[in-house]
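What follows is a single structure, written as structure tokens, with notes after it.
Ligands are counted one by one from 1 in listed order, and the atoms in each one are counted from 1 as well.
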Amino acid sequence: MTFDIDAVRAQFPALQTGTVYLDNPGGTQVPQRVLDRMTDYLVRCNANKGGGFRTSSESDAIIAAAHAALADFLNCDPREVVFGANMTTLTLHISRSLAKWLKPGDEIVVTRLDHDANVAPWLLAAQDAGAVVRWVDVNLADATLKIDDVTQAITPKTRIVAVGYASNAVGTINPVKHVIDLAHAVGALVYVDAVQYAPHGLVDVRALDCDFLVCSAYKFFGPHVGVLYGKHDLLDRLPAYKVRPAHDEPPDKFETGTLNHEGIAGTLGAIEYLEWVGDPARGYRPLAQVSGERDPERRARLARGLAALETYEHGLARALIAGLQAIPGVRIYGITDPERVSERVATVSFTLAGQHPRRVAEQLGEHDINVWDGNYYAYEIVRRLGLDEGGGMVRVGPVHYNTQDEIAALVAAVRALAT
Ligand SMILES: Cc1ncc(COP(=O)(O)O)c(C=O)c1O
């Protein structure tokens, strides 16, 4: 299918302002459909759940529809989708619950490539349970996971393996399926952080066979909401930290308190937008027309949309890497070989000799070009690269709504700073 970048950009009110948004790994902009969903929710059906009146039942219908949409997005059952405040809070909840299943001497595997939200909760769980933590290191030359370390770290005592799908710092896509197979061979559970993969490619929890997987809607064009997938049997058996009157079944038992209903409606809107990318001619259905059932055609539209934007983003990544590499004093951390572009998402981090990353970001900001700097909570890899003291790296994170012109503007602005 063709990818019409002008039609895509026209969906996003924030993109009409002239700002170049390359801070996307920190959070993406939202299309009009997300705004419409949130406004519609707050105007037409703003209520608490389970009441005996219209607005409450319509609110319940929207939330059920959002579970079904996320089930199509991740390829699971709607009851396996848990909404929460954000990925970090959901992970702290699940890690606390899983710690109840651990005993002293059990082992947990974490990596030095992960965002700290998929490390610290496991360090805390290990501390609570007296479990041992084993670390998987990184090949510094291309910022990929050391696969030998994974093989060695996973032992018959391993109970949990926490691994990221794609790095928020250097863009590496990890061989998660391989890690999951190694972990399952010893009976361990696998917790996948897909926060940085979900905006760039189709997730399939059934094909991966992961036990848990988390992502954040605000990184895939939705509002500030976290999403957790868990195998139904595990969510069912796992003890939840919850209040007594709340339901005992998943997902309710993990969706503690009153959720961000308008944010969940907006998350439904983000999935509808990605469907639109896969089939723009179909347009959008009326806002009130929602279903709590899965829809195989929606999954097919999402697959088409994400495949189209993946190919488009490869072109942006190649141009970005080649452009930055040609600037004297720029050093990129991560995969730079254009032949290996499918092993990374388009997120590229670099340093510029003699310039503090914050100063680079500020100067780009003066040109209305948004990039991030620092360690972005990718705490271990930035320390491992020896960059923490110097302010980390500058991170440029294109997504499918960015253009080759924007990449060229960024490269020109960095070149001007270098000279
Ligand atoms: C890879 C990764 N994991 C986890 C998180 C934390 O997500 P949240 O803000 O939803 O807690 C982030 C946020 O930047 C991230 O990039």
Side-chain angles (χ1 to χ4, degrees), residues 21-30 34 70 73-74 81-96 110-124 136 138 143-145 161-174 176 179 190-201 203 208 210 212-229 254-256 259-260 263-264 266-267 270 333-334 344-349 361 370-382 384 392-399:
Y21 291 98
L22 290 168
D23 57 330
N24 300 300
T28 47
Q29 300 307 309
V30 299
V34 169
L70 265 295
F73 185 58
L74 301 174
V81 173
V82 177
F83 287 113
N86 48 57
M87 176 280 184
T88 306
T89 306
L90 284 165
T91 303
L92 285 164
H93 189 172
I94 294 292
S95 63
R96 196 168 173 218
V110 294
T111 90
R112 296 202 191 278
L113 196 50
D114 272 79
H115 185 286
D116 210 50
N118 202 27
V119 178
W122 308 112
L123 303 184
L124 294 168
V136 173
V138 180
T144 52
L145 273 190
V161 177
V163 64
Y165 206 146
S167 159
N168 70 318
V170 288
T172 316
I173 297 175
N174 292 324
V176 275
V179 176
V190 185
Y191 194 95
V192 178
D193 174 0
V195 168
Q196 291 294 338
Y197 185 76
H200 303 286
V203 175
L208 289 175
C210 52
F212 302 94
L213 180 140
V214 258
C215 49
S216 302
Y218 76 96
K219 313 274 196 190
F220 61 81
F221 321 108
H224 292 92
V225 168
V227 183
L228 169 100
Y229 155 79
F254 291 104
E255 292 184 331
T256 47
L259 294 176
N260 176 358
I264 292 171
T267 304
Y333 299 84
R344 57 150 38 256
V345 295
T347 303
V348 176
S349 281
N370 295 0
V371 299
W372 216 267
D373 68 280
N375 67 21
Y376 358 97
Y377 285 19
Y379 185 64
E380 293 292 335
I381 176 70
V382 174
R384 197 67 187 77
M393 299 175 280
V394 180
R395 181 179 68 184
V396 184
V399 291

TODO: Applying side-chain hydrogen bond (donor to acceptor under 3.5 Å, both in side chains), name anything that partners Asn86, two or more places apart in sequence or on another chain.
DONE: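 Applying side-chain hydrogen bond (donor to acceptor under 3.5 Å, both in side chains) to Asn86 gives Thr89.
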
Task: side-chain hydrogen bond (donor to acceptor under 3.5 Å, both in side chains) partners for Glu255, two or more places apart - done: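 For Glu255 the side-chain hydrogen bond (donor to acceptor under 3.5 Å, both in side chains) partners, ignoring immediate neighbours, are His67.
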
Task: Non-neighbouring partners of Tyr379 that pass ring pair (Phe, Tyr, Trp, His ring centres under 6.0 Å), sequence neighbours left out - done: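 For Tyr379 there are no ring pair (Phe, Tyr, Trp, His ring centres under 6.0 Å) partners, ignoring immediate neighbours.
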
TODO: Kindly assign one of parallel, tilted or perpendicular to the pair Tyr377 and His115, based on the angle between their ring planes and the thresholds 30° and 60°.
DONE: tilted

Task: Donor on one side chain, acceptor on other, Ser349 and Tyr376, under 3.5 Å - done: yes

Task: For Ala166 against Gln196, the heavy-atom pair lying closest together - done: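 Between these two residues, the closest heavy atoms are O-CB, 3.4 Å.
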
Open item on the list: I'd like the contact residues of ligand 1, where contact means a heavy atom below 4.0 Å.
Closed with: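 Contacts of ligand 1 under 4.0 Å: Asn86, Met87, Thr88, His115, Ala117, Asn168, Asp193, Val195, Gln196, Ser216, Tyr218, Lys219.
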
